[in-house]
S.K.: 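Structure incoming, see below.
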Amino acid sequence: MNFPNLSKICLSIKYFNYNTITYAKNITNLIELRIDNNFLYINLLQDLFDDFNSIIIKSNNINDYNINKLLIYKDNLILDIDYNQLLNNVLLLNSLEKYELNYIISNHNIKLSQLFENGLYLLKKMLNLNPNIVKIVLNDEINDWKEKQVEIYEEFKKIKLRKNCDLICFFEGEEMKESRLYSLKLGAPFTYCSYDENSRTGIGQFTCSELKEKILFL
């Protein structure tokens with residue numbers, strides 16, 4: 001990625017309000033705006049870039065990504081796009097390449113067996129779309145999750161070769177939440193947290209106050 005000095009904490013904002021922003025700018029320079037829950041005012045981005053180095057924009061609706069309006073901020077903006085939606089959207093893929101946009105390809109609710117089948121074929125396909133970050137959220141509760149997580153990161157390093165791409169991979173769920181923290185030890189550029197328990201954007205997501213305490217001991 002071309003973003004120097006990104007914070008290890010990314011505050012994921014489910015519902016935008018200025019209290020959340022005020023809190024966030026004291027602990028991180030990276031936020032994620034969930035625009036499927038918030039209408040994105042373009043002029044709002046300029047205000048936010050006064051406080052944050054980079055902003056991730058994520059939506060479950062691929063039509064929310066208005067590339068033409070976002071181009072002015074492209075150097076500091078990261079789009080988070082669902083893999084299955086992007087795969088069949090030639091127009092968006094072409095725009096990402098043409099304008100050299102920074103983007104994360106996300107794949108959620110993946111089983112370990114699905115990830116490892118056919119020689120990690122899924123991971124290879126995601127890498128072939130040339131994202132800045134591959135994000136994989138696994139949906140399995142297993143005892144040896146650390147070993148599996150290590151294996152995934154090691155295989156990723158082999159597969160990516162010379163591609164300038166990072167991996168964020170963790171297990172979803174309250175029982176597996178430590179995998180979010182462990183991903184930082186394995187090389188993830190950052191991990192996500194919420195403002196409080198009521199604004200979590202993922203099951204098992206730490207709140208910022210929880211995560212700040214834990215990161216001190218990494």
S.K.: I'd like to know if K157 and E154 make a salt bridge, using a cut-off of under 4.0 Å between side-chain N and carboxylate O.
M.R.: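 No.
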S.K.: May I ask you to decide if the ring planes of Y73 and F49 are parallel, tilted or perpendicular, using 30° and 60° as cut-offs?
M.R.: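 Judged by the thresholds at 30° and 60°, the geometry between Y73 and F49 is tilted.
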S.K.: Scan side-chain atoms only and decide if S209 and E213 contain a donor-acceptor pair under the 3.5 Å cut-off.
M.R.: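 No, because no side-chain N or O of S209 sits under 3.5 Å from a partner of the opposite role on E213.
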S.K.: Is the closest side-chain donor-acceptor distance between N19 and T22 under 3.5 Å?
M.R.: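 Absent: no donor and acceptor within the cut-off.
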S.K.: Sequence neighbours excluded, which residues qualify as salt bridge (Lys or Arg N to Asp or Glu O under 4.0 Å) partners of E174?
M.R.: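 Only K177, R200 meet the salt bridge (Lys or Arg N to Asp or Glu O under 4.0 Å) criterion with E174.
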S.K.: Could you tell me which non-hydrogen atom of S194 sits nearest to which non-hydrogen atom of Q205, and how far apart they are?
M.R.: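 So the two residues come closest at CB-OE1, 3.2 Å.
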S.K.: Supply the atom-to-atom distance I133 CD1 to I78 CD1, rounded to the nearest 0.5 angstrom.
M.R.: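 That separation rounds to 5.5 Å.
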S.K.: Less than 4.0 Å between a side-chain N and a carboxylate O, is that true for E32 and R34?
M.R.: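 Between E32 and R34 there is a salt bridge, with a charged N closer than 4.0 Å to a carboxylate O.
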S.K.: Specify the closest pair of heavy atoms between I104 and K135, including all atoms of both residues, with the distance to one decimal.
M.R.: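 That would be CG2-CB, 3.7 Å.
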S.K.: Kindly determine whether D80 and S106 satisfy side chain to side chain donor-acceptor pair (under 3.5 Å), including the steps that lead there.
M.R.: CA-CA 7 Å; D80 186 318; S106 296; 2.4 Å; yes
S.K.: So, does Y195 use its side chain to make a donor-acceptor pair with the main chain of T207 at under 3.5 Å?
M.R.: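 Looks like no, no N/O pair under 3.5 Å.
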S.K.: For the residue pair N29 and S7, confirm or rule out a side-chain donor-acceptor distance under 3.5 Å.
M.R.: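 Checked: N29/S7 side chains pair up, N/O donor to acceptor below 3.5 Å.
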